[in-house]
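Not measured: the values here are computed from a predicted model.
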Amino acid sequence: MINKTETTVARSYTSDLKLKGFKVHEISGISNPSQPHGRRDFYKIVLVTGDMIIYHGDETIEMNDTFLFFANPNIPHTVVDRSTEKKGYACLFTEAFFSGRERTEILQNSPLFRFGVSPVVRLNREQAAFLTGLFQKMLTVHRSDYHYKDELLRGCIELILHEALSIQPLQNELRQKNAATRITYLFMELLERQFPVDSTGDPLKLRTAQDFAATLSVHVNYLNRSVSAVTGKPTSVHIAERIASEAKALLRHTDWSVADIAYSLGFEYPTYFNNYFKRVTGATPRSFRTSKV
């Protein structure tokens, strides 16, 4: 049975989130996703206690705990409830709402919204209580007539981001300790900025370690050494994994032909894409698409 609160939220999405750029609401019970697994055009932070499965990109995460969940417009996701006892809060906002001063950079650079990082942060009782207070504050402020309420809401979002990072420091988090860390960060940012691919007429420009090295004005050997030292994986593996992940998303969530997907990802010929995809994933694009329901 679809929860009435969730249904109301889904119906008010266009009027509230798209016009105002922000939405916060309380959640409870089972809610069937009102949208299929896919990308959204907003960011989402959820504080929830419950038993559920989160499909985030190509990752499947089973949770039966209290945790924060972070979703962004670049990575497709959906949540399947396994219990009627779910409770918590959800905050949805657009990048435009969060813009201003240094906040856009904070949002874009936050590891919690970045590809390849776990989107969940487990919470103990004290941490959950503090964050619950923040979501309740956002509910109160959002309903108020306070003239500067948008600024206060942005402050709450920023505080949640920092609190999450203090709870669960992330491996390879940017600290600008040395040149290798800095160049690795710049490489990862440059790689991620190319996604998601929204048009077949604007193919990827950077597809090899040499492409990235040239754009960053460093020698390719230096880039490779730095990325491997900081992340434990070669530059080429990061590129291959990200392109393959985007290919999977396009195969699964668009009706583009395999040829169109190949061209959008910068492959000169579909056969090159077929060989690349099979080498990285073990399946052909067509077999991957038909095997997914």
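- Annotation: cation-pi geometry not satisfied between Arg286 and Phe277 (NZ/CZ under 6.0 angstrom from ring centroid, within 45° of ring axis).
- Not less than 6.0 angstrom separates the ring centroid of Phe22 from the ring centroid of Phe93.
- In terms of heavy-atom proximity, Tyr263 sits nearest to Pro270 at OH-CD, 3.5 Å.
- Residues that satisfy the side chain to side chain donor-acceptor pair (under 3.5 Å) test with Thr284, not counting sequence neighbours, are Ser287.
- For the atom pair NZ (Lys149) and CZ (Arg143), the distance works out to 11.0 Å, reported to the nearest 0.5 Å.
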Next item on the list: With side chain to side chain contact (heavy atoms under 4.5 Å, CB included) as the test, would you mind laying out the steps for Ile167 and Leu68 before giving the verdict?
Entry: CA-CA 11 Å; Ile167 293 170; Leu68 282 171; 5.5 Å; no

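- Remark: the backbone N or O of Val141 is paired with a side-chain donor or acceptor of Ser144 at under 3.5 angstrom.
- When hydrophobic clusters are built by joining Ile, Leu, Val, Met, Phe, Trp and Tyr residues whose side-chain heavy atoms come closer than 4.5 Å, directly or via intermediates, Val197 is grouped together with Leu190.
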Donor-acceptor contacts under 3.5 Å from residues 121-139 side chains, at least two apart:
from, atom 1, to, atom 2, distance (Å)
Arg122, NH1, Asp65, OD2, 3.4
Asn124, OD1, Glu126, N, 3.2
Asn124, OD1, Gln127, N, 2.7
Gln127, OE1, Asn124, N, 2.9
Thr132, OG1, Ala128, O, 2.7
Gln136, NE2, Tyr89, OH, 3.0

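- A continuous path of ILVMFWY side-chain contacts below 4.5 Å connects Tyr269 to Val280, so both sit in one hydrophobic cluster.
- Between Pro234 and Val227, the shortest heavy-atom contact is C-CG1, 4.2 Å.
- Side-chain rings of Phe187 and Phe212 approach one another, their centers coming within less than 6.0 Å.
- With values rounded to the nearest 0.5 angstrom, Cys156 atom SG is found 11.5 Å from Leu161 atom CG.
- Within the 3.5 Å criterion, the main-chain N or O of Leu251 finds a donor-acceptor partner in the side chain of Arg289.
- Interatomic distance, CZ of Phe97 versus NZ of Lys23, reported as 13.0 Å (0.5 Å rounding).
- Contact record, Thr254 with Leu250: OG1-O, 2.5 Å, taken as the closest heavy-atom pair.
- No path of Ile, Leu, Val, Met, Phe, Trp and Tyr side chains, each step under 4.5 Å between heavy atoms, connects Tyr222 with Val220, placing them in separate hydrophobic clusters.
- For the side chain to side chain contact (heavy atoms under 4.5 Å, CB included) criterion with Phe69, the lone passing option out of Leu47, Ile54, Ile61 is Ile54.
- Under a cut-off of 6.0 angstrom, the local environment of NZ in Lys278 is sparse, with at most 12 non-hydrogen atoms contributed by other residues, nucleotides or ligands.
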Item checked: Worked verdict on Ile160 versus Glu163 for side chain to side chain contact (heavy atoms under 4.5 Å, CB included) -> CA-CA 5 Å; Ile160 291 172; Glu163 181 69 13; 5.6 Å; no

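- Within the model, atoms CD1 of Ile243 and CZ of Phe273 stand 10.0 Å from one another, a figure rounded to the nearest 0.5 Å.
- Linking Ile, Leu, Val, Met, Phe, Trp and Tyr residues whenever their side-chain heavy atoms come within less than 4.5 Å places Ile45 and Tyr43 in a single cluster.
- Judged purely by atom type and a 3.5 angstrom limit, Asp211 uses its side chain to pair as donor or acceptor with the backbone of Thr208.
- Hydrophobic clustering, with ILVMFWY side chains joined whenever heavy atoms are under 4.5 angstrom apart, groups Leu191 together with Leu204.
- When atom types are taken as modelled, the side chain of Lys205 and the backbone of Pro203 share a donor-acceptor pair closer than 3.5 angstrom.
- The shortest non-hydrogen separation linking Phe70 to Ala164 is CZ-CB, 3.7 Å.
- Using modelled atom types, one side-chain atom of Thr184 and one backbone atom of Ala180 make a donor-acceptor pair closer than 3.5 Å.
- Using a cut-off of 4.0 Å between Lys/Arg side-chain N and Asp/Glu carboxylate O, Glu158 and Arg154 are scored as not salt-bridged.
- With rounding to the nearest 0.5 Å, the separation of CD in Glu246 from CD in Gln194 is 10.0 Å.
- In terms of heavy atoms, Ala209 sits closest to Leu223 at O-CD2, 3.7 Å.
- The line from CG of Leu92 to CZ of Phe42 is 4.5 Å long, rounded to the nearest 0.5 Å.
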Next item on the list: Show your reasoning for whether side chain to side chain contact (heavy atoms under 4.5 Å, CB included) applies to His77 and Lys44.
Entry: CA-CA 11 Å; His77 75 276; Lys44 178 164 66 175; 3.2 Å; yes

